Structure formats: structure tokens, C-alpha cells
Amino acid sequence: QVQLVESGGGAVQPGGSLRLSCAVFGITGRGISMAWFRQVQGKEREGVATIDVDGHTGYADSVKGRFTISQNNAKTFLYLQIDSLKPGDTAMYYCAAAYGRLWVGSSLPTEYEYNYWGQGTQVTVSS
């Protein structure tokens with residue numbers, strides 16, 4: 001059974017940094033696509049970064065240059081390095097996973113394409 005557990009959220013001032021982690025349990029094989037999404041209460045879940053089965057990465061325009069998605073070689077941890085945080089980055093951040101290749105280099109995959117989700121970790125940016 002696949003389980004994703006996020007950690008690393010918190011309250012930071014604008015301009016600060018955070019590193020979110022997602023521990024991955026129960027994934028078999030290496031053909032797994034993963035992503036980070038975020039959601040503000042009352043709004044739709046937004047994809048911010050994705051990493052495909054070959055390790056290629058993609059980002060939403062709103063976070064390019066500030067967010068970096070990565071994973072360890074064993075694919076047991078997914079990370080999101082967030083720099084130059086802005087108040088608009090305040091949200092619940094979720095990691096997501098699905099077997100197979102989801103991203104072909106254009107628009108980021110939608111939330112409906114991922115089967116497995118963590119419980120989320122809250123990021124709050126304010127002065």
C-alpha cells in the first residue's frame with residue numbers, strides 16, 4: 001500500500017526558505033511520477049512542480065526560479081526546496097504520486113492524474 005508523508009512546513013518571513021520532504025512508502029519499481037501541489041482553502045489545488053520517471057522536472061510559471069523539486073536515488077523521498085518565499089506561497093502543500101509517465105514536457109499534470117496523496121504540510125509566509 002502506497003503511503004506519502006509530508007513534513008517540513010512552517011511559518012516563515014517573506015524572503016525566507018523552506019525544504020519540504022515527502023517520505024514515500026510502498027512504491028514498487030521505479031516507474032513512478034511524483035509532484036508537489038498546493039491548495040489555499042476555498043481554491044482549487046494547484047500543481048507547482050513535477051518530476052517524471054526519468055527525473056526530468058517541470059514547474060508552474062509562478063514558482064520557476066524559486067522552487068526546486070528533487071528526489072533521492074531510491075525514490076523513497078521527494079523534496080521541494082522553496083526559496084524567496086512570498087505571502088502568496090501560503091498554502092497547504094501536498095505530495096502526490098502515480099505509476100507511469102504523466103508529464104510530456106508541456107503543461108503540468110493535473111491533480112486528477114495522481115492516485116496517491118499525502119496529508120499535507122502547511123506553509124505560512126507572513127511578516
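The first residue in the sequence is number 1, and the count goes up from there. Remember, it's a predicted structure, so these values are computed and weren't measured experimentally.
- Counting only residues at least two apart or on different chains, no disulfide (SG to SG under 2.5 Å) pair has a member in residues 56-88.
- Applying the disulfide (SG to SG under 2.5 Å) test to pairs two or more places apart or on separate chains, none has a residue in residues 35-78.
- Remark: side-chain polar atoms of Asp54 are not paired, donor with acceptor, to backbone N or O of His56 under 3.5 angstrom.
- In this structure, Ala98 and Asn115 approach most closely via the heavy-atom pair CB-OD1, 3.6 Å.
- The shortest side-chain heavy-atom distance between Lys75 and Ile27 does not fall under the 4.5 Å cut-off.
- Side chains of Pro87 and Ser126 form no contact here, defined as non-hydrogen atoms less than 4.5 Å apart.
- Here the shortest heavy-atom pairing between Ala35 and Ile69 reads CA-CD1, 4.2 Å.
- By the side-chain contact (heavy atoms from CB on, under 4.5 Å) test, Val123 is found to be paired with Leu18, Leu20, Leu85, Tyr93, Val125, residues two or more places apart in sequence or in another chain being considered.
- Residues meeting the side-chain contact (heavy atoms from CB on, under 4.5 Å) test with Arg66, sequence neighbours left out: Val63, Ser84, Lys86, Asp89.
- Cluster annotation: Tyr59 is connected to Val48 through the hydrophobic network of ILVMFWY side chains, with a link wherever side-chain heavy atoms come within less than 4.5 Å.
- When hydrophobic residues (I, L, V, M, F, W, Y) are linked wherever their side-chain heavy atoms come within less than 4.5 Å, the members clustered with Tyr79 are Phe77.
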Practice problem: Give the intermediate values and the outcome of side-chain contact (heavy atoms from CB on, under 4.5 Å) for residues Leu78 and Glu6. | Solution: CA-CA 9 Å; Leu78 181 73; Glu6 301 97 333; over 6 Å; no

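- Side-chain contact between Ser33 and Ile51 is absent, with no heavy-atom pair separated by less than 4.5 Å.
- Heavy atoms of other residues, nucleotides or ligands lying less than 6.0 angstrom from CG of Asn72 number more than 12.
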Practice problem: Kindly determine whether Val24 and Met34 satisfy side-chain contact (heavy atoms from CB on, under 4.5 Å), including the steps that lead there. | Solution: CA-CA 10 Å; Val24 182; Met34 299 198 69; 3.6 Å; yes

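- Ala49 and Leu108 get closest at one heavy-atom pair: N-CD1, 4.2 Å.
- Sorted by first then second residue, the disulfide (SG to SG under 2.5 Å) pairs that include residues 17-104, not counting sequence neighbours, are Cys22-Cys95.
- Partners of Glu46 according to the salt bridge (charged side-chain N to carboxylate O under 4.0 Å, His left out) rule, which considers only residues two or more places apart in sequence or in another chain, are Arg38.
- Counting only residues at least two apart or in different chains, side chain to side chain donor-acceptor pair (under 3.5 Å) contacts with residues 11-20 comprise Ser17-Asp83.
- The list of salt bridge (charged side-chain N to carboxylate O under 4.0 Å, His left out) pairs with a residue in residues 107-127, not counting sequence neighbours, is empty.
- The two residues Ala60 and Gly47 come nearest to each other via the heavy atoms CB-O, 3.5 Å.
- Its side chain within the 4.5 Å cluster rule, Leu102 clusters with Phe37, Met92, Tyr94, Tyr114, Trp117 among the Ile, Leu, Val, Met, Phe, Trp and Tyr residues.
- By the salt bridge (charged side-chain N to carboxylate O under 4.0 Å, His left out) test, Lys64 is found to be paired with Asp61, residues two or more places apart in sequence or in another chain being considered.
- In this structure, the side-chain hydrogen bond (donor to acceptor under 3.5 Å, both in side chains) partners of Thr28, at least two apart in sequence or on a different chain, are Tyr99.
- The shortest side-chain heavy-atom distance between Phe67 and Leu80 falls under the 4.5 Å cut-off.
- Trp103 and Tyr116 are not part of a single hydrophobic cluster, where members link through side-chain heavy atoms under 4.5 Å apart.
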